[in-house]
Amino acid sequence: MIKNFAHRGFSGKYPENTLLAFEKAVEAGADGIELDVQLTKDGEVVIIHDETIDRTTDGKGFVADYTYDELKKIDASYIYKNHYGFNKIPTLKEYFTLIKDTKIITNIELKTGINEYLGIEKKVFEIIQEFHMEDRVIVSSFNHYSILRMKALAPKIKCGFLSETWIIDAGKYTKFFGIECYHPHFAMLTKEIAREIKAQGIEINTWTVNTEEDMRDLISKGVDILIGNYPDITKKIISEAEGQK
Ligand code: G3P
Ligand code: MG
């Protein structure tokens, strides 16, 4: 069964990486939610895509230069010009509190590619344990060293290597390091590449898939999870494909 994950929540219609976008993803019938985490100055794990708050909020500067008390006063939905009222930058703990009584699986993307945020893996693992989410998370990152750190301290947590490039033998590479999933950009997933990854027993979780045509094409290539901005559309296309089997 192919799974439908909402990228940054239902970000096609609602302010990305906010509790509102996560709630709407659940309502739209998503099986899972992908979100991005960074660390504040005082070590709080917060959900925001960029290293700075400039693009998505009414503030300016680096996440790492703010304490969480300062950051929570900033509007993460300001791009929508008050259409959705005030929406704060959520913490990972607030997110888990929101979804803990659902069946939602969470893909936590560690944004450790630019700022390494040393120690973030341990903090994230502790929060996963606090909420008993060990069986309902996939931790991914473009920084594969960060994923190896997570795997070393939490061998039972499912992990994924993110990639936005043409890695040769991605399946072998992923398996060699004992990682369960490969998360390629969808445009870099040819039939041959998908076959090689599946032959190694690795899950393929691909992003950011927003058109019906791409969804159908990727389903035909045997992907496991479609991560996209429109979980309502993804749900419809997956149901159609499952119905044809
Ligand atoms: O995790 C998939 C995808 O979110 C990776 O890219 O930049 O949207 O975080 P980005
Ligand atoms: Mg992401």
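Start at 1 and go down the list; that is how both ligands and their atoms are numbered.
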Polar side chain donor-acceptor pair, S146 to E116, under 3.5 angstrom: no
Pair D50, T56: side-chain N/O donor-acceptor within cut-off below 3.5 Å: no
Electrostatic pair K93-E126, nearest N-O below 4.0 angstrom: no
Inventory of protein N or O atoms under 3.5 Å from ligand 1 N or O:
from     : atom 1 : to   : atom 2 : distance (Å)
ligand 1 : 1 (O)  : E34  : OE2    : 2.7
ligand 1 : 1 (O)  : E109 : OE1    : 3.1
ligand 1 : 4 (O)  : H7   : NE2    : 2.8
ligand 1 : 4 (O)  : E34  : OE2    : 2.6
ligand 1 : 4 (O)  : E109 : OE1    : 3.1
ligand 1 : 7 (O)  : H49  : NE2    : 2.7
ligand 1 : 8 (O)  : H7   : NE2    : 2.8
ligand 1 : 8 (O)  : R8   : NH2    : 2.8
ligand 1 : 9 (O)  : D36  : OD1    : 3.2
ligand 1 : 9 (O)  : H49  : NE2    : 3.1
ligand 1 : 9 (O)  : E109 : OE1    : 2.8
ligand 1 : 9 (O)  : K111 : NZ     : 2.7

Pair D232 + K236: basic N to acidic O under 4.0 Å: no
Per-pair distances, 0.1 Å, donor-acceptor, side chain in residues 167-178, under 3.5 Å, sequence neighbours excluded:
from : atom 1 : to   : atom 2 : distance (Å)
Y173 : OH     : H144 : ND1    : 2.8
T174 : OG1    : A170 : O      : 2.7

Joint cluster assignment, V37 & L162, ILVMFWY side-chain distance < 4.5 Å: no
Protein N/O/S neighbour count - the Mg ion (ligand 2), strictly under 2.8 Å: 3
Any donor-acceptor N/O pair, Q38 side chain to H49 backbone, under 3.5 Å: yes
Salt-bridge contact K72-E44 (side-chain N to carboxylate O under 4.0 Å): no
All ring-ring contact (aromatic ring centres under 6.0 Å, His included) counterparts of Y84, not counting sequence neighbours: Y14, Y80
